[in-house]
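Below you'll find the structure, written out as structure tokens, and then a few comments.
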Protein chains: 2
Amino acid sequence: MDGIPIGELSRLTGVNIETIRYYEKIKMLQPPPRTEGGRRIYGPTETRVLAFIRRGRELGFGLEDIRALLALGGPGKASCEDVRKIASHHLDDIRTKIADLRKLERLLAKTITQCSGSRVPDCPVLDILDVRRS
Amino acid sequence: MDGIPIGELSRLTGVNIETIRYYEKIKMLQPPPRTEGGRRIYGPTETRVLAFIRRGRELGFGLEDIRALLALGGPGKASCEDVRKIASHHLDDIRTKIADLRKLERLLAKTITQCSGSRVPDCPVLDILDVRRS
DNA sequence: ATGCATCCTGTAGTGACTACAGAAGCAAGG
DNA sequence: CCTTGCTTCTGTAGTCACTACAGGATGCAT
């Protein structure tokens with residue numbers, strides 16, 4: 001019985017033990033073989049799938065998108081076009097988020113600059129939040 | 001008994017009925033007076049506090065920060081300096097997020113550009129996710 | 001045997017909501 | 001008055017992606 005236990009897989013991949021078990025529960029990861037004592041033993045395939053999932057999360061993909069990508073990555077399954085659709089949609093989301101955050105940044109930065117440290121009720125940050133103040 | 005019911009407050013402020021009740025439950029909003037039938041009746045003060053909360057959420061502040069800002073906004077409570085601290089810290093968070101998202105954007109955009117629509121296993125998006133592919 | 005580390009399953013919590021279910025309230029119309 | 005249709009109530013549970021136990025079992029070294 002060759003393979004590694006869950007703790008070692010966790011250290012190897014940087015994914016939390018509990019998260020690994022969570023991924024198994026939601027069927028992102030196939031249940032691995034067990035020892036006679038009931039402990040999970042992970043081989044290279046499982047290790048690789050987990051690394052794939054982690055990388056996808058790092059890139060900000062949701063779990064369902066990653067699930068789809070995993071399915072698409074199987075042998076002879078689909079063209080790169082399907083993968084591209086998922087990734088492009090995600091890229092659009094990221095761009096929208098960046099634009100929104102840039103707006104927030106500008107608004108907040110401007111408001112904080114005006115914050116002279118004077119006593120309330122002279123406070124531009126509170127002013128921007130409060131409909132009656134502004 | 002002057003005031004508006006929760007449905008009208010929801011339409012007025014754009015905050016979900018259930019979210020309004022949630023805010024009351026977690027004590028962001030004070031429980032308003034009720035009709036004899038038990039229905040909530042909101043006045044101008046509650047309306048204003050809810051609008052404050054919503055604006056804060058729009059600006060990306062967490063509820064606990066908004067709670068603190070609400071407390072600071074009270075009469076003679078604190079200087080604008082405390083408010084500034086909260087807002088500045090939030091601005092730092094936003095800037096970090098923007099930087100992270102920009103990294104993601106660049107990486108994904110580059111990878112998708114390479115995606116020619118050819119058949120798997122020729123797929124740069126999957127390549128970037130998969131340790132053995134790359 | 002003992003002690004410590006690792007692992008197991010099941011349950012519940014996080015943050016900020018969101019969505020019912022089943023019952024009650026309310027106003028308009030017949 | 002009754003009926004109808006809409007609004008509101010409380011309580012419970014779910015969303016997403018985890019995270020944190022509790023209590024017990026396993027495994028290894030001394």
Side-chain angles (χ1 to χ4, degrees), chain A residues 1-29 31-42 46 49-70 90 93-94 97 100 104, chain B residues 1-29 31-42 46 49-50 52-70 86 89-90 93 97 100 104:
Chain A
M1 181 58 63
D2 242 355
I4 56 173
I6 195 168
E8 200 170 320
L9 180 65
S10 172
R11 284 184 292 273
L12 200 58
T13 57
V15 182
N16 238 2
I17 291 178
E18 284 151 337
T19 308
I20 297 173
R21 285 199 286 245
Y22 170 67
Y23 287 156
E24 181 185 315
K25 185 183 171 188
I26 62 170
K27 302 198 194 308
M28 296 286 304
L29 274 183
R34 303 280 185 119
T35 64
E36 287 201 1
R39 296 182 170 210
R40 295 168 174 81
I41 295 292
Y42 294 95
E46 291 95 6
V49 172
L50 183 59
F52 186 101
I53 295 170
R54 187 187 179 215
R55 184 65 171 152
R57 293 294 300 127
E58 283 173 346
L59 290 175
F61 288 97
L63 286 183
E64 284 312 308
D65 280 345
I66 294 169
R67 197 191 295 268
L69 292 173
L70 278 170
H90 182 46
D93 286 349
I94 289 177
K97 273 190 207 141
D100 288 345
L104 282 191
Chain B
M1 180 56 65
D2 243 355
I4 56 173
I6 195 168
E8 201 170 321
L9 181 64
S10 172
R11 285 182 292 272
L12 199 60
T13 56
V15 182
N16 238 3
I17 291 177
E18 285 151 336
T19 308
I20 297 171
R21 285 200 286 243
Y22 169 68
Y23 288 156
E24 180 184 315
K25 183 183 172 187
I26 62 172
K27 302 199 195 300
M28 295 285 304
L29 274 183
R34 302 281 184 118
T35 63
E36 284 201 3
R39 295 179 172 215
R40 297 169 173 80
I41 295 292
Y42 294 95
E46 290 95 4
V49 172
L50 183 59
F52 187 99
I53 294 170
R54 186 186 180 212
R55 185 65 172 151
R57 293 295 300 124
E58 282 173 349
L59 289 176
F61 288 96
L63 286 184
E64 284 312 306
D65 280 345
I66 293 170
R67 198 192 294 268
L69 292 173
L70 278 170
I86 293 175
H89 186 252
H90 182 47
D93 286 348
K97 271 189 208 139
D100 289 344
L104 282 192

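The model shown is predicted, which means the values in this text are computed figures rather than measured ones. We name chains A, B, ... by the order of the sequence lines, and we start the count at 1 in each one. No hydrogens, no waters, no symmetry mates; every other heavy atom, side chains included, goes into these values.
Put simply, A:Arg54 has no side-chain N or O that comes within less than 4.0 Å of OP1 or OP2 on D:dA17. Look at B:Arg21 and you won't find any side-chain N or O under 4.0 angstrom from OP1 or OP2 of D:dG11. For D:dA17, neither phosphate oxygen OP1 nor OP2 lies less than 4.0 angstrom from any side-chain nitrogen or oxygen of A:Tyr23. Between A:Thr19 and the phosphate of D:dA17, there is no side-chain N or O to OP1/OP2 separation shorter than 4.0 Å. Note on A:Arg39: every side-chain N or O is 4.0 Å or more away from OP1 and OP2 of C:dT6. For A:Thr35, no side-chain nitrogen or oxygen approaches OP1 or OP2 of D:dT26 to under 4.0 Å.
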| task | Take B:Glu18 and B:Arg21 through the salt bridge (charged side-chain N to carboxylate O under 4.0 Å, His left out) test and state the conclusion after the steps. | result | CA-CA 5 Å; B:Glu18 285 151 336; B:Arg21 285 200 286 243; 5.1 Å; no

| message | With side chain to side chain contact (heavy atoms under 4.5 Å, CB included) as the criterion, how do B:Leu70 and B:Ile53 come out once you've worked through the C-alpha distance, each side chain's angles and the decisive distance to 0.1 Å? | response | CA-CA 8 Å; B:Leu70 278 170; B:Ile53 294 170; 4.0 Å; yes

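The nearest whole Å value for the distance from the CD1 atom in A:Ile6 to the P atom in C:dT9 is 9 Å. Atom CD1 of A:Ile20 and atom P of D:dT19 are 11 Å apart (whole Å). Straight-line distance from the CZ atom of A:Arg40 to the P atom of D:dT26: 15 Å, rounded to whole Å. Atom CZ in A:Arg67 sits about 12 Å away from atom C1' in D:dC16, given to the nearest Å. C:dC20 atom C1' lies 14 Å from atom CD1 of B:Ile17, rounded to whole Å. The distance from atom CD1 of A:Ile4 to atom P of C:dT6 is 14 Å, rounded to the nearest whole Å. Atom CD in B:Glu36 sits roughly 12 Å away from atom P in C:dA27 (whole-Å rounding). Separating the NZ atom of A:Lys25 from the P atom of C:dT11 is a distance of 9 Å, rounded to the nearest angstrom.
A residue-by-residue look at A:Gly37 and A:Tyr22 shows that A:Tyr22 has its nearest nucleotide of DNA chain D further toward the 5' end. Residue whose closest nucleotide on DNA chain C sits further toward the 5' end, between B:Leu63 and A:Glu18: A:Glu18.
In this structure, OG1 in B:Thr13 is found 9.5 Å from OH in B:Tyr42, a value given to the nearest 0.5 Å.
Checking A:Glu24, A:Glu46, A:Glu8 one by one against A:Arg40, the salt bridge (Lys or Arg N to Asp or Glu O under 4.0 Å) holds for a single residue, A:Glu24.
When distances run from any side-chain atom of B:Asn16 to the nucleotides C:dT18, C:dC7, D:dA17, the shortest one goes to C:dT18.
Side-chain contact between A:Tyr23 and A:Val15 is present, with heavy atoms from C-beta onward closer than 4.5 Å.
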